[in-house]
Number of protein chains: 2
Amino acid sequence: MYDGALQDLIDELGMLPGVGPKSAQRIAFHILDQDQTEVDRLIAALKAVKVKVHHCETCGNLSENDQCRICADPRRDNSIICVVEQAQDVQAIERTHAFRGLYHVLGGAIDPIRGIGPDQLRVKGLLQRLADGTVKEVVIATDPNIEGEATATYLARMLETMAVPASRLALGLPVGGDLEYADEITLGRAFEGRRLL
Amino acid sequence: MYDGALQDLIDELGMLPGVGPKSAQRIAFHILDQDQTEVDRLIAALKAVKVKVHHCETCGNLSENDQCRICADPRRDNSIICVVEQAQDVQAIERTHAFRGLYHVLGGAIDPIRGIGPDQLRVKGLLQRLADGTVKEVVIATDPNIEGEATATYLARMLETMAVPASRLALGLPVGGDLEYADEITLGRAFEGRRLL
């Protein structure tokens with residue numbers, strides 16, 4: 001549609017997640033209108049994130065240092081580790097303020113179809129962290145979908161052989177949701193997980 | 001929420017039009033996961049667009065050359081000029097294949113509240129293009145809103161003093177739309193502009 005460099009930018013932007021052709025065009029025109037300093041700041045931010053951000057040596061969370069903020073915080077409870085698939089999950093759990101332990105970011109879930117097994121994930125690192133007996137519980141907080149459940153089942157078995165207690169996040173109705181609109185599987189899990197009052 | 005460079009990138013992305021905090025975060029994580037070469041290509045595209053793309057000397061449309069594709073095309077009808085607010089409007093009209101003349105991109109619309117008057121737009125350039133008498137009609141295709149209408153009225157008066165015939169795009173029902181759902185103003189304009197069959 002457009003000439004050379006402008007179309008190139010629209011194409012590049014259109015490959016970003018959640019950016020359709022219309023948004024890509026809108027952003028490209030915005031970039032064209034912006035001051036050079038503003039565009040330079042975006043470019044610098046893109047460069048910096050690739051150079052500075054890497055994975056925490058201990059837990060695999062994102063960090064600019066060898067240890068992430070959470071692993072480096074002495075106030076965190078180091079007797080409990082919450083296992084999640086990705087760094088975004090750490091942030092989601094942190095927002096709840098419901099967990100004061102440490103994390104372990106697997107970097108995905110077991111997915112045989114895509115060739116992702118335990119060796120492609122940070123499973124070995126997790127087992128190493130459990131070796132000295134400090135950790136008394138592992139909360140498995142992988143996603144409540146097929147891959148996440150498969151990963152949880154696999155980890156639960158490994159932890160059993162190591163005699164480390166494992167737990168799994170509760171499945172049930174989302175707070176504030178309407179029972180009427182809950183899908184059958186969620187509603188079924190809510191029944192299975194019902195608690196005596 | 002996140003540390004340094006990652007949060008900086010999320011903030012920068014969040015300032016782009018149509019990119020909310022959630023999308024910004026999603027794009028930032030995507031950038032983190034991408035190969036360096038892919039990110040370099042995006043950065044190169046951002047740089048190139050600012051360096052290469054500028055305004056056509058004649059019409060103000062976007063171009064990598066002194067003259068845009070349309071002004072440089074000898075097959076275009078140089079006796080009719082369509083005046084639009086911005087370069088995106090040129091592309092919208094080109095997609096219709098309904099117009100084979102030349103364009104003039106004002107670079108906005110008259111908007112006294114924002115301090116945009118004729119001097120902030122490419123009005124002088126338009127008048128210069130009309131000076132030699134080649135142009136027999138000017139189609140005013142500014143947006144059908146207050147600023148666009150004000151701009152159209154202003155231009156129509158200027159063109160009248162120069163004795164150049166001016167026309168304005170028809171206002172009426174959108175094709176494929178439902179009369180029932182048309183807003184009152186559009187429906188009113190459709191009545192005013194009704195044609196005998």
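Throughout, a chain's letter reflects where its sequence line sits, starting with A, and its residues are numbered from 1. Since this is a predicted model, take the numbers as computed values, not measurements.
- Across every non-hydrogen atom of B:M15 and A:H30, the tightest pair is O-NE2, 4.0 Å.
- Within 6.0 Å of atom CD in B:Q120, more than 12 heavy atoms from other residues, nucleotides or ligands are found, so the atom counts as buried in its surroundings.
- For chain B, the option among A:Q34, A:Q91, A:K22, A:Q36 with the highest count of heavy-atom pairs below 4.5 Å is A:Q91.
- Using a 4.5 Å cut-off between heavy atoms, B:V51 does not touch chain A at all.
- Closest approach of A:A45 and B:E12 over heavy atoms only: CB-CG, 3.9 Å.
- Residues B:L106 and A:F29 are members of separate hydrophobic clusters, defined by side-chain heavy-atom contacts under 4.5 angstrom among Ile, Leu, Val, Met, Phe, Trp and Tyr.
- Contact detail for B:L46 and A:V39: the closest heavy-atom pair is O-CG1, 4.3 Å.
- Listed options A:K50, A:E94, A:K52 were ranked by heavy-atom pairs under 4.5 angstrom with chain B; first place goes to A:K50.
- Most heavy-atom pairs under 4.5 Å with chain B, from the set A:D8, A:L62, A:D11: that is A:L62.
- With contacts defined as side-chain heavy-atom distances shorter than 4.5 Å, the pair B:Q88/A:Y2 qualifies.
- A:V90 does not touch chain B: none of its heavy atoms, backbone or side chain, sits under 4.5 Å away.
- Neither the backbone nor the side chain of B:N61 comes within less than 4.5 Å of any heavy atom in chain A.
- For the pairing with B:V53, the side-chain contact (heavy atoms from CB on, under 4.5 Å) check across A:L32, A:L9, A:I31 returns one residue only, A:L32.
- When the side chains of ILVMFWY residues are joined at heavy-atom separations under 4.5 Å, either directly or via intervening members, B:L169 and B:V164 end up in a single hydrophobic cluster.
- Between the side chain of B:K47 and the main chain of A:I43, no donor-acceptor pair closer than 3.5 Å is present.
- A:I70 and B:L6 fall into different hydrophobic clusters, defined by Ile, Leu, Val, Met, Phe, Trp and Tyr side-chain heavy atoms under 4.5 Å apart, directly or through other members.
- In this structure the side chain of A:L16 never reaches within 4.5 angstrom of the side chain of B:L13, judged on heavy atoms.
- Counting non-hydrogen atoms of other residues, nucleotides and ligands closer than 6.0 Å to CD of A:Q67 gives a total above 12.
- Note: the hydrophobic cluster containing A:L171 does not contain A:V84 (ILVMFWY, side chain heavy atoms under 4.5 Å, direct or indirect links).
- Within a 6.0 Å sphere centred on CD1 of A:I146, other residues, nucleotides and ligands contribute 12 heavy atoms or fewer.
- Across B:E64, B:Q25, B:R95, the residue that shares the most heavy-atom pairs under 4.5 angstrom with chain A is B:E64.
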